[in-house]
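Okay, structure first, notes after.
Numbers for residues simply follow the sequence, beginning at 1.
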Amino acid sequence: MTTDTTGTVARDGESRPGGPADSPFIRACRRRPGPHTPVWFMRQAGRSLPEYREIRATVPMLESCRRPDLVTEITLQPVRRHGVDAAILFSDIVVPVAAAGVDLDIVPGTGPVVAEPIRTAADVERIRLITREDVSYVDEAVRQLVAELGDTPLIGFAGAPFTLASYLVEGGPSRTHAKTKALMYGNPELWHALCGRLAEVTLAFLRVQIDAGVSAVQLFDSWAGALSEADYRRFVLPHSTAVLSGLEDAGVPRIHFGVGTAELLGAMGEAGADVVGVDWRTPLDVATGRIGPDKAVQGNLDPTVLLAPWPVVEAEVRRILEQGKAAPGHVFNLGHGVLPETDPEVLTRVVALVHEVSSRRADQG
């Protein structure tokens, strides 16, 4: 018995027609033609939306991630407002490690802060494996969202082992990742034990989301671009592969994304994803050449372009759509997350423009 991309169970192992499985987003992820290039935005659920800020004004971040009613409402907001082709679950990459027993908080203006950073094997052992019960609020939120979204696919997500490990070792965000690299180079055995444990936690977290009905998943490796390709292959690739390959039988597309990863795109493409996200630094046609012809791509408008006059935004959107034609499948997105100061109306206009420019007549497939 396998889970299909509609979020229902297909007893024959085949996806049923219609529904999210036949949406433009899933078709692009599967490298199949669709009526238009699909578009969604990383960090679309929040950041720039006044309705999101109103909800979050009195609710701390981790609490909002643990309340299914708020997760459902915040996830739906950009779908209602912008008409995007996919929703992404409102959550945070540290939710599963908090559920695994790590003492942390998300501090406004700073990000995740870990009370006792990882230093020893005993610290790693204290990160326990998680069950569905540990994140039952995520399971409940996904089920509510699938019922609300209908034919619109829901993307689940998690942080990749390297990025999670970096937070846990540094104790919070870092520009240099100096402590992370010191542990990698100085104690590779402990490093691999930490990333191995985080891969297990991440895989379990994504399984909960898939079993609850998400149509696709995205693995965020936000800080992987801090590494050389050689170090990525040695210290990161085995653990990202464990997560993505561990979902091979799940029946949903897998997206892999990092920032500053131009030199890593080929290696990232080997980790087991169906779609590789590309930041704004690498043209999509160039990225496709590095990733290979058997992967779709996602991206890659520079988020700061959205702050420019509309003619500039329009020209950049058209350029990216043209370059995306080199890939066997293209999901339009930003090269990173929506900036808080972005005008929501611009996002709505970008969605309409992507749909208009990429619209294909029925007889063109």
Apply side chain to side chain contact (heavy atoms under 4.5 Å, CB included) to residues N333 and W40 and explain how you reach the verdict. CA-CA 6 Å; N333 207 309; W40 68 279; 3.1 Å; yes
Work out which heavy atom in [X] is nearest to a heavy atom in [Y]; give both atom names and the distance.
{"X": "T75", "Y": "A87", "result": "CG2-CB, 3.9 Å"}
{"X": "D85", "Y": "P153", "result": "O-CD, 3.3 Å"}
{"X": "S215", "Y": "P253", "result": "O-CD, 3.2 Å"}
{"X": "A199", "Y": "A242", "result": "CB-CB, 4.4 Å"}
{"X": "D279", "Y": "G258", "result": "CB-O, 4.3 Å"}
{"X": "A86", "Y": "T152", "result": "CA-CG2, 4.0 Å"}

Do [X] and [Y] touch side chain to side chain, with heavy atoms closer than 4.5 Å?
{"X": "R27", "Y": "D22", "value": "yes"}
{"X": "I93", "Y": "T163", "value": "yes"}
{"X": "L307", "Y": "E341", "value": "yes"}
{"X": "D343", "Y": "L306", "value": "no"}
{"X": "L219", "Y": "F157", "value": "no"}
{"X": "S228", "Y": "E263", "value": "no"}
{"X": "P78", "Y": "L49", "value": "yes"}
{"X": "V79", "Y": "E148", "value": "no"}

Return each pair, listed once, that meets side-chain hydrogen bond (donor to acceptor under 3.5 Å, both in side chains) where at least one residue sits in residues 96-118; pairs must be two or more places apart or across chains.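 Qualifying pairs: none.
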Would you list the pairs meeting side-chain hydrogen bond (donor to acceptor under 3.5 Å, both in side chains) in which at least one residue belongs to residues 194-209, sequence neighbours left out? R207-D249
Listed once per pair and sorted, the salt bridge (charged side-chain N to carboxylate O under 4.0 Å, His left out) pairs that draw on [range], sequence neighbours left out:
{"range": "residues 156-183", "answer": "none"}
{"range": "residues 302-314", "answer": "E314-R318"}
{"range": "residues 48-61", "answer": "E51-R81"}
{"range": "residues 222-231", "answer": "E229-R233"}

Side chain to side chain contact (heavy atoms under 4.5 Å, CB included) evaluation trace for L89 with V214: CA-CA 9 Å; L89 180 70; V214 298; 5.7 Å; no
Verify the cluster assignment for [X] and [Y]: are they in a single hydrophobic cluster under the rule of side-chain heavy atoms below 4.5 Å apart?
{"X": "L264", "Y": "V286", "answer": "no"}
{"X": "I106", "Y": "L164", "answer": "yes"}
{"X": "V59", "Y": "L76", "answer": "yes"}
{"X": "V113", "Y": "W223", "answer": "no"}
{"X": "L339", "Y": "V350", "answer": "no"}

Check: F90 ring centre within less than 6.0 Å of Y52 ring centre: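 Distance test on ring centres: under 6.0 Å, yes.
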Table please: side-chain donor-acceptor pairs of residues 124-132 below 3.5 Å, with sequence neighbours left out.
from	atom 1	to	atom 2	distance (Å)
R126	NH2	D123	OD1	2.2
R128	NH1	D134	OD1	3.4
R128	NH1	D134	OD2	3.1
R128	NH2	A99	O	3.0
R128	NH2	D134	OD1	3.4
T131	OG1	E133	N	3.4
T131	OG1	E133	OE1	3.2
T131	OG1	D134	OD2	3.3
R132	NH1	D139	OD1	3.1
R132	NH2	D211	OD2	3.2

Relative to the ring of H355, is the ring of H36 parallel (under 30°), tilted (30 to 60°) or perpendicular (over 60°)?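 If you compare the ring of H36 with that of H355, the planes turn out tilted.
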For the NE2 atom of H336 and the CZ atom of F41, what is their distance to the nearest 0.5 Å?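 With rounding to 0.5 Å, NE2 (H336) is 15.0 Å from CZ (F41).
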How long is the straight-line distance from CE of M184 back to CG of L190, given to the nearest 0.5 Å? 12.5 Å
Quick check on E189: does its CD atom have over 12 non-hydrogen neighbours (other residues, nucleotides or ligands) under 6.0 Å away? no
Applying side chain to side chain contact (heavy atoms under 4.5 Å, CB included) to P309 and not counting sequence neighbours gives P311, V312
Under the rule for side chain to side chain contact (heavy atoms under 4.5 Å, CB included), what residues qualify as partners of A271, not counting sequence neighbours? L237, S240, T241, L244, H256
Salt-bridge present (D274, K295; N to O < 4.0 Å): no
R66 with E63: basic N within carboxylate O range, under 4.0 Å: no
Derivation of the salt bridge (charged side-chain N to carboxylate O under 4.0 Å, His left out) call for E316 and R319: CA-CA 5 Å; E316 285 296 287; R319 177 184 63 81; 2.8 Å; yes
Can you name the one residue among L321, V317, V313 that meets side-chain contact (heavy atoms from CB on, under 4.5 Å) with L353? V317
Out of Y167, W191, F235, which one pairs with T180 under the side-chain contact (heavy atoms from CB on, under 4.5 Å) rule? W191
Do [X] and [Y] have side-chain N/O donor and acceptor atoms under 3.5 Å apart?
{"X": "T348", "Y": "H82", "value": "yes"}
{"X": "Q77", "Y": "Q44", "value": "no"}
{"X": "E140", "Y": "Q144", "value": "yes"}
{"X": "H177", "Y": "S166", "value": "yes"}

Test ring pair (Phe, Tyr, Trp, His ring centres under 6.0 Å) applied to F205 - qualifying residues, sequence neighbours left out: none
Report the residues that fulfil ring pair (Phe, Tyr, Trp, His ring centres under 6.0 Å) with H330, sequence neighbours left out, ordered by chain and then residue number. none
Would L334 and R43 count as a side chain to side chain contact (heavy atoms under 4.5 Å, CB included) if you check the C-alpha gap in whole Å, the side-chain angles of each, and the deciding distance to 0.1 Å? CA-CA 10 Å; L334 304 182; R43 293 180 178 168; over 6 Å; no
Yes or no on side chain to side chain contact (heavy atoms under 4.5 Å, CB included) for T261 and M268, after CA distance, side-chain angles and deciding distance? CA-CA 9 Å; T261 55; M268 291 179 69; 3.6 Å; yes
Please name all residues satisfying salt bridge (charged side-chain N to carboxylate O under 4.0 Å, His left out) with D69, sequence neighbours left out, ordered by chain then number. R67
